[in-house]
Amino acid sequence: MGRGRAKAKQTKVARELKYHSPNTDLAALQRELGGSGKSDRDFDDDYKEYVDDDDEDHADDDPDPWVRPSR
């Protein structure tokens with residue numbers, strides 16, 4: 001049916017990944033994990049114009065049509 005050849009290739013690739021790890025650039029990994037110095041707060045400020053800070057529900061909002069009314 002053709003599945004044998006595809007499965008054999010997947011098995012070969014999986015075995016190569018498991019037993020033969022590629023050379024890892026540890027310096028680049030450390031830079032990536034260390035961050036760029038930009039805090040989360042600075043990131044949030046970039047999108048401030050898109051955030052609705054009003055946590056209250058609006059009375060004029062349409063009710064959800066799928067919610068059963070309480071009795």
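Everything numeric here is computed off the predicted structure, so don't read it as measured data.
- Lys9 NZ to Lys12 NZ: the interatomic distance, rounded to the nearest 0.5 Å, is 7.0 Å.
- Distance CZ/Arg31 to CG/Leu26: 11.0 Å, rounded to 0.5 Å.
- Applying the side chain to side chain contact (heavy atoms under 4.5 Å, CB included) rule to Ala6 yields the partners Arg3; only residues at least two apart in sequence or on another chain are considered.
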